[in-house]
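Keep in mind it's a predicted model, so treat the numbers as computed, not measured. Order of the sequence lines sets the chain letters (A, B, ...), proteins ahead of strands, with each chain counted from 1.
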Amino acid sequence: MAHATDQWNGRDQSYRSSPDWQSRIESVELHEQTSDVDPITYEVIRHRLWTINMAHGETVLRASGSPVLAALDFNMTIMTETGEFVMSAPFSTFLVGGSSLAIRFVLERLSRAPGIEPGDVFVVNDPWIGANHQMDVLFLHPVFLDGALFAWVANAGHHYDLGGIVPGGWPQNAPDVYSDPFCFPPFKLVEKGTLRNDLEEIILRQSRMRDLVALDLRAQLAGNKFAHDELVALCARYGPDVVKGAMRKVIADAQAAFSKQLSAMPDGRWSDVRYIDEALPGDRKTYRTQLNVTKQGDRLVIDNDGTDEQVEGVVGIVYSTFQGSIMGALAVTMLYDELFAVGGAERQIDFRPTPGRLTCVNHPAEVSGGVMNCETHHHAIHTIISGMQGTVDELRKDIYAPGGDFPLAVLTGEKDSGAYYGQALLEAYAPGTGAGPGHDGVDTGGKESAPLAKVVNVEMIEQWYPVLYLYRREAIDGGGVGSRRGGTGLESAITPYRARTMTAVTNTGGQGVSTAGGAGLCGGFPAPPSRYTVRKDTNLLAWFADRRLPDSVDDLEAGTTIRLAGKSNPIELGEGDVLELRVAGAGGYGDPIARSPELVANDVRLGYVSAAVAKALYGVALAGDGEADLAASERLRAEILNDRAKWSRCDAGKGPGDLPSTPATGEPVRRLQEYIEAKDERDLRVLACAQCGEVLGDYASNYKHGLLIDEGPLSVLPTAPDPSAFIDAQMVLRRYCCPGCKVLIKTEVARAGEPVVDDMRLGSAIADGMESGLALALSHE
Amino acid sequence: MSYVLGIDIGGTFTDCVAVETDRGAARASHVEIGKASSTPPDFETGFVDSISTVASRYALTPSAMLGSTTAIYHGCTVGTNALVEGRTAKVGLLSTRGHRDAIFIMQGGGRLSKEPPEYIAHVASHRKSDPLVPKDLCMEIDERIAFDGSVLVTLNEDRARRSIEALVERGVEAFAVALLWSTVDPRHEHRLRALIEEIAPGAFISLSSEVSQRHGEYERTVATVMNSLVGPAMNAYLRKLEVRLEEHGYRGPLQLMGCSGGLMSVEQARVLPVLTIGSGPVAGLIGSAAIANLSSASYGGDIITGDMGGTSYDVGMIVAGEPVTRATVSYEQYEYYAPTLEVRSIGAGGGSIVKWDGPTLRVGPESAGARPGPVCYGRGGEKPTVTDADLVLGYLNPDYFLGARLKLDVDGARAAYSKLGDPMGYGPEQAAAAAVRIVENQMADAIRLATIHRGYDVRDFTLYAYGGAGPVHATGVARELDLQRVIVPLSNFASGWSAFGIAASDAIVIAELGAALASPFDAETLNDHWRHLEDQAQQKMSAQGISANKVSIERFVDMRYTLQVNEIQVRAAPGHYTSASVDTLVAAFEREYERLFGSETGYADAGFTISGLRVRAAAPIGDVPFMQIAAASNGARPGGWPTRRVTWYEMSEVKTEDVPIISGEALAQGVEVDGPAVIEYPDTTVVLRPGDAAHVSDIGLIVDVTRKQDGGRS
C-alpha cells in the first residue's frame, strides 16, 4: 500500500477529500449563512429545486441534439457550496457520483490558482478525479451570490468520441489508460463567462467527431448556465439564506429518513461476490470482486475486502464509480421519497475500499471500457440493499432482484453508399427487471440504474445503419424462475442490408455471457446470461425467396456458428450472415415450486416460459389444452422436494461462531427475509426457517451453514452455455434449502471450491469491527 | 331563425351550446347553454337531453330546434370511455413476423417518460400498463419490406390466411394490421385487409398505413390497435345517434371534434375513431386560440392555458395564435401517433390530497376523485383536499358551489385542516393557506417546465384559466410566475367552455407522409409529395361537402440535422418548388432551430433530413361569434355586495379580511372590479387578490395581476 501522503491524491490513487480538506480552500468566501425555513416555504423551494434540475437536463438535451444524450446517458445535480448533493436525477444515476469529489478537488487544489470566480466553469473527465470514465465529461459551474460561493450546479454526459484505440470510447481491448480516450484533470474552460477557445481546442483535437463534441460541450455549458441563473433568481425571490436553509434541510431530511431506515434494521454485515471475465479478448481468466456493507446503528461502512488486485485490461472501475453506483442504487431503492437527495445518505456512509483492487483501480489502469462493470457493481450493492431491506417488514415491499450485466455490440463499417457508420446496438436498454415479494419482474422493463433509458424503434435504426432486423422480441425463458418470475430481456437478430462492410465487436460487463444474468433473491433462480450468436453463410435468402422468415436464427442452415465471448475482437458480417443478441433478464424471487401452477401455465401460453422449464424448474405439468394439470404438478413438485432432501448438509467452513451462543433477547420473532426469521429458542437467539420453524443456527452465524446445499452445473439455467466455452474457471450454481421443509432459500453463482458466501451475518459484535472506520468517517464531516 | 349546436359529452355532464343566427344577418342574436347528465353507455340519450334543455330556453321542442339547425358540432368521450371501462372490442393484431412484441416492449424504460418524478424515482413500484391486446391474439405474418421500399419477403398468403382464421376462431371481432415500413409501401397491409374481409366479413379493420403515415413501428402499432379497440363502440354509437337525429328531423351535417383540434366528418370518425380520443382538453385550447385571434382586441399575444379540474391541471400553449402541436398522444404508459395539441398534465386538481409526512406538507398526486371526493362534499372523504382548502380560505361559497347544486360542508373541511395543521402548530386557515401555496407553486412549476421545453420565457405569456378550479387559483399562479394578465374566457358560460371551443373549430384534415429524405433535397420529389398530400386532403374535404374554395392549406415538414435527434416542424411555402424554395425551407428550419434550441446548436455540416411532410387543410365552418356571446349577458352594477371572511397568504404570512363577494352574472361589460374580491359564476369562482384589477370585457373577465410585493427576478 502507498504511503499515507500518496493516498487518495488524485494522481496514482483516486482523489478523496481528507478530513481537513476545507482548510486548503483559499481566496474563496463560502456562503454558509442559513435562515430557518418554514415547512411550506421549504416544500415550495424543494419542488422548485427539482424543477430547476429537471429543466437543466431538458436544456442540455435540447441544445445538444445528440442521440447519445437522448438515450439519457447523462445526469445533472445541484450541490452545496462544498459539494454535497442536494438534487440528482433519474437518468444515468451513477454518472454524477463523482461531481462531489471533483468539486472538492477544485476547491482544495485550484482555489488559490487559477482561482474560482463568478462565471467560471471547470471541466474534467479524469476518472481519478470524479469522472465515471473518460467519456462522461463533468462540467462544474460555481454559483456566486454577492461575491460568496453559494452553490454548484454540475452535469456529466457521455460524448461521441474522445480518441483512444476504439471509436466511441468503450474499448474492449485496451490494456491501460494510455490506450483509452484521453484523460484530463480539472481546468477552467470558461473564465468569467468567456469560453477559452484555446482550451476547448485541446479537447476537440482529440476527437474523431470534433464538431459533435463541440455541440455537446456547449449544450452542457448551456444546461449549467440555465440552472445557475434559475438558482440565482430563486435566491432573489426568497433570499439566499432561506434557500440555503432549504438546501441544508433537503439534505438533513434525506439523512434523517435514511438513518431511520438503517436504525430499523438489525446490525450486521452483508456481502456480495461477483466475478468478471476476461481482462482482454482471448483472456480466459476470471476475476473476483466482493462488496461488504457493515451496518451499525444508523451508519454504514462499505469496503471491497475480498476483491482481486487490479490487472492490465478492461476489468476495473475507479473509486468515483464505486461510490457513484452505490449512491445511485440507494437513490432508487431507499431515497425515492426524497427525490434523489443523496447527499443526506452520503453523510451516513464511510466508504473504505482498498485502492488498487478491481473495484477501486489506481492509475494507469484502463477505465473507459472497464466501466461496463459499473453495472456489475451496481447489482452487487442492490443485492445487498435488498437483503438489508428484507429485515424490516415495512421496507420489504421495496426489494427486487437485480438485473444482468450489460451486453454491448458495436457495429462499424461502410454503407453501400460508402458512408462510414459506427454505433453500439443499445438493445440492452430493455432487460427485464427483477421480481420481488408480491410482484413479478417487468418483462423488457428497463434498466434500474437508468430507469428512463429507452430502446429506439427498428424503423429508426434501419434508417441509420445498414441492418435489417429479423426480429426483436421478448425472449422465452429469459427471466429467473421463482415464485415471482424475473422479467425477461430482449432478443434481437440482425443481418447486414445495403452494407459494403460490417464488423462487430463486443464488450460485456461481469460474467454477462458466461454464467448468469440477474441474480435471484430468496430462492429465486438467477436469469440465464446474455448471448451473442453469429451464424455465417446461412440460407436466409432462400427463406426469403420461399416467403418465410425464421423465428430463430437457429432455424437457419449455416456454415459456421460462433458464440462470441464477452469481449471479442472484430468479426466480419456479410450477406447471409446473422447476429443475434439476447439480453439477459433479471432474477426471480422465492422458491419456484411455490409459484401458482395457473400463473406458470399462463406464462407458457403467452410465450414467457417454455413447457420444458415449467416442468423441470417450476414443477408444473400442462394438460393438452395448455391449462395446468394440478394433480400431475403436485407429483412433480413432490419429486423436486424429494431430490432436495438428498442434498448434503452445508458444513464447509463451519466455524465456532455457528454454535448457538447468542443469548435470547426476549424480543418477538423477527422476519429477516422471505424464508428466514430470528427468534428466541429457549435461552438462545437463533436463526430459523420462517416457513417450518427449523432452527438453522446461531443468530450471529452464517445461516447457510444450517441449510442443505446442492452444487451443480449452470446448465440448470435454461439456454445457459457451458462456461468452459469462454473461461477456465469452473463456475457452479449453488442452491440451498431448508433441512426441514426443503423450501429453496438461496441460489448463487460461485467458483467451485470457494467457501460459501457469508451474505448476511447479523450481530453487533460483527459490526463492532467497523468502529475504527467509523471514527474516521465522522472526522470527515 | 336558425341554430348551430355545439355539444360536448363529458364524464358527468353533456353540454349543449345553441347559437341562434338570423339568416342573412352577420351577427348572432342569442346564445343559450343547456346541460344534461351524461348517460353512459347510451350517450346518445344525454346528447338529445342536452338539446331538449337548450331548446326549452328558446321555448322550442327538440324536434323544432333540430328542424331549423344548420350544423351540429360534437365532442364525445365514447372512445375514451370504452377504453377506461374496458368495453372495447376483442382485437386481433397482425404484425410482421419477429415484430409482434413492439407493443409489449413499450420501448423499455421509454414508457416511463411521462410519469411523475415520484413514480420514476421509486423503481420497485415500476410496472407496465396492461397489454392493449393479449399476446395470444397477436399473429405474426411472413412478409418484409425494407426501409427503401424493397419487398424482401413477399406476403405469404397461405400462412396469413391460417393466422386470420385462427384469430376468428378465438372470437376476434376487430383487426389491427401493423406491418414494418407499410408507410413506404402499404401493399401487404392492403392485401391482408382483402383476406380479412373475405374470411371475416363485416369485421372492423384498421391498417397502420391509414392510421398514421409516420415511421416508428411502436407508436404506429399502438395507434392502429387503439383504433380497432374503440372502432366498434364508436360505430355503434354513431349509428344510434344518427337514428335519433333523423327521428327528430335533423338532416344537416354532423361533425366530430378530433384531437388535432379540428372537426372531422362522421364518415372519417367511423374509420379513424382513435382521432376522437383526447379531444376534450383540446377543445378548450381551440376556444382560447379563437379568442386570441379576434382581430379587434389584444387578448394577450402568447398564451398559457391552465385547465384545473378534479384530479389534474392541464397546461397548453398558444404561440403566435397557433396552439403548440405534438405528434403523439399518451394513453397510460402507451404513446401513439395522432396529430394533437400539446397538453401537459400534473396531478394537481381540486381533489388532490394534502398530507403531512413528517418534515413536509405535500400535495398530490393522489386524488380523492369525485368519490369519496373532498371532505366538504360530505360523501365520506376524510382526507383534506385542495377544494377543502379553497373553502376554508373563503374562496368558495358553500351555498353556491356548481351553481348551488352541491352544498359544501365548511365545518368538515375546517376540522380536517385543523387536524392537518396540528403537528405544524397551524390553525385551519394557516394550514389551508399552506396547501394552496404549495399547489399553486406546483402549477407554476408545471407551466415553467412546459415553456422551457419549448424554449420560451414564461413571463411573456397571458394565462387563460378555466375548468372549475382554474380561475380560483389563476391569480396566485400568475403572481408566482410574474405574469401580468389572467383571462377567464366567457366567464358566464364557463361550464360550456368545451362546447364553445367545439363550435368555434374549423373542419380540419391532416394528411401526412413519413419520409427519409436527405439533403440536398430534390424539388421535384417534394412537389410530387405535396401534390399527393394536397389531393388527399381536398378529397376528404369535398367528401364532407366542403368546397375547395373554402379550404385553406398549410404545408409543414418535419426536419432535423442529420446527426442530431431534435426534430422540429417547420412551415413550408405553398406553390411549386424550385431549388431556391428548397434553400428557403432549409433556412427557415435553421432559424426555427436556433430560436428553439439556442444559437449555434445545429450541426449543418452533417446535412439535413426531412422525416415527414404534412398538409393541414382547414375550412371555417363553425364561425361562432364569441364577442356577442359574452356581451349577451346584460347586467348592471348594483352596489352593496355582501362580504365574506377570506384568507390570503403572502409567502408564509396569512391575513384574513372581509372581502366583497360579487355575482359575476350581474356584471355588465365594461365594469371594473378591484381586488380584493371574489367573483362567483355558476360554474367557477375568480379570486382577486389585493391589488388585482379586473374588468368585464366582451370575451370574459380580464384580470391585471398585481406584481409580487416580495421581490421579482433579479
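Under a 4.0 Å N-O distance rule, the pair A/Arg498/A/Asp416 qualifies as a salt bridge. Under a 4.0 Å N-O distance rule, the pair B/Glu143/A/Arg548 does not qualify as a salt bridge. For the pair B/Lys114 and B/Glu335, the salt-bridge criterion is met [side-chain N within less than 4.0 Å of a carboxylate O].
The candidate with the highest count of non-hydrogen atom pairs below 4.5 Å against chain A, out of B/Arg159, B/Arg100, B/Glu219, is B/Arg159. Among B/Thr183, B/Asp357, B/Thr360, the residue making the largest number of heavy-atom pairs under 4.5 Å with chain A is B/Thr360. For the set B/His126, B/Glu115, B/Arg144, B/Gln442, the count of heavy-atom pairs under 4.5 angstrom toward chain A peaks at B/Arg144. With chain B as partner, the option from A/Ala331, A/Gly445, A/Ala257, A/Gly239 having the largest number of non-hydrogen pairs under 4.5 angstrom is A/Gly445. By number of non-hydrogen pairs under 4.5 angstrom with chain B, the leading residue of A/Phe226, A/Trp464, A/Phe340, A/Tyr469 is A/Tyr469. Residue with the most contacts toward chain A among B/Ile141, B/Thr96, B/Ile438: B/Ile438 (heavy-atom pairs, distance under 4.5 Å). Heavy-atom pairs under 4.5 Å with chain B were tallied for A/Tyr497, A/Trp543, A/Tyr429, A/Tyr160; the largest tally goes to A/Tyr497. Between chain A and the options B/Asp101, B/Asp605, B/Leu112, heavy-atom pairs under 4.5 Å are most frequent for B/Asp101. Ranked by heavy-atom pairs under 4.5 Å with chain A, the list B/Val123, B/Asp445, B/Val363, B/Thr609 is led by B/Asp445. Contact tally against chain B (heavy-atom pairs below 4.5 Å) for A/Ala430, A/Gly432, A/Ala453: the top residue is A/Ala453.
Ring centroid separation for the pair A/Tyr400 and A/His439 does not come in under the 6.0 Å cut-off. For an aromatic pair to be called close, the ring centres must be under 6.0 Å apart, and B/Tyr119 with A/Tyr336 fails this.
When heavy atoms are compared at a cutoff of 4.5 Å, A/Val442 approaches chain B solely by way of its side chain, counted from C-beta outward. Heavy atoms closer than 4.5 Å to chain B are found in the side chain of A/Asp38, but not in its backbone. At a 4.5 Å heavy-atom cutoff, the contact between A/Asp546 and chain B is made by backbone atoms alone. Proximity to chain B is limited to the side chain of A/Lys249, based on heavy atoms less than 4.5 angstrom apart. With a 4.5 angstrom heavy-atom cutoff, B/Asp158 does not touch chain A via any of its atoms. Looking at A/Leu470, only its backbone comes within 4.5 Å of chain B, counting heavy atoms on both sides. Using a 4.5 Å cut-off between heavy atoms, A/Asp253 contacts chain B through its side chain alone, with no backbone atom that close. Neither the backbone nor the side chain of A/Ile52 comes within less than 4.5 Å of any heavy atom in chain B. Of the two parts of B/Glu140, only the side chain, counted from C-beta on, holds a non-hydrogen atom closer than 4.5 Å to a non-hydrogen atom of chain A. Only the side chain of A/Tyr42 comes within contact range of chain B, judged by heavy atoms closer than 4.5 Å. Proximity to chain B (any heavy atom under 4.5 Å) is shown, for A/Arg472, by both the backbone and the side chain. Contacts between A/Glu58 and chain B at a heavy-atom distance below 4.5 Å involve the side chain alone, from C-beta outward. Of the two parts of A/Ala55, the backbone and the side chain both hold a non-hydrogen atom closer than 4.5 Å to a non-hydrogen atom of chain B. Contact of A/Thr41 with chain B is made through backbone and side chain together, with heavy-atom distances under 4.5 Å.
When the shell of 6.0 Å around NZ of A/Lys260 is examined, it contains 12 or fewer heavy atoms from other residues, nucleotides or ligands. Within a 6.0 Å radius of CD in B/Glu653, other residues, nucleotides and ligands contribute 12 heavy atoms or fewer.
Both the sub-6.0 Å distance and the 45° axial angle are not jointly satisfied by B/Arg220 relative to the ring of B/Tyr337. A cation-pi geometry, defined here as NZ or CZ lying under 6.0 Å from the six-membered ring centre and within 45° of its normal, holds between B/Lys135 and B/Phe104.
For the 3.5 Å distance criterion, the side chains of B/His122 and A/Asp398 qualify, holding a donor opposite an acceptor. Between the side chains of A/Asn457 and A/Glu462, no donor N or O sits under 3.5 Å from an acceptor N or O.
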Check against side-chain hydrogen bond (donor to acceptor under 3.5 Å, both in side chains), A/Thr444 and A/Glu474
CA-CA 7 Å; A/Thr444 57; A/Glu474 299 189 306; 2.8 Å; yes
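By the 4.5 Å heavy-atom criterion applied to side chains, B/Tyr426 and B/Leu420 are not counted as neighbours.
Using a 30° and 60° split on the angle between ring planes, B/Tyr561 and B/Tyr593 fall in the perpendicular class, above 60°.
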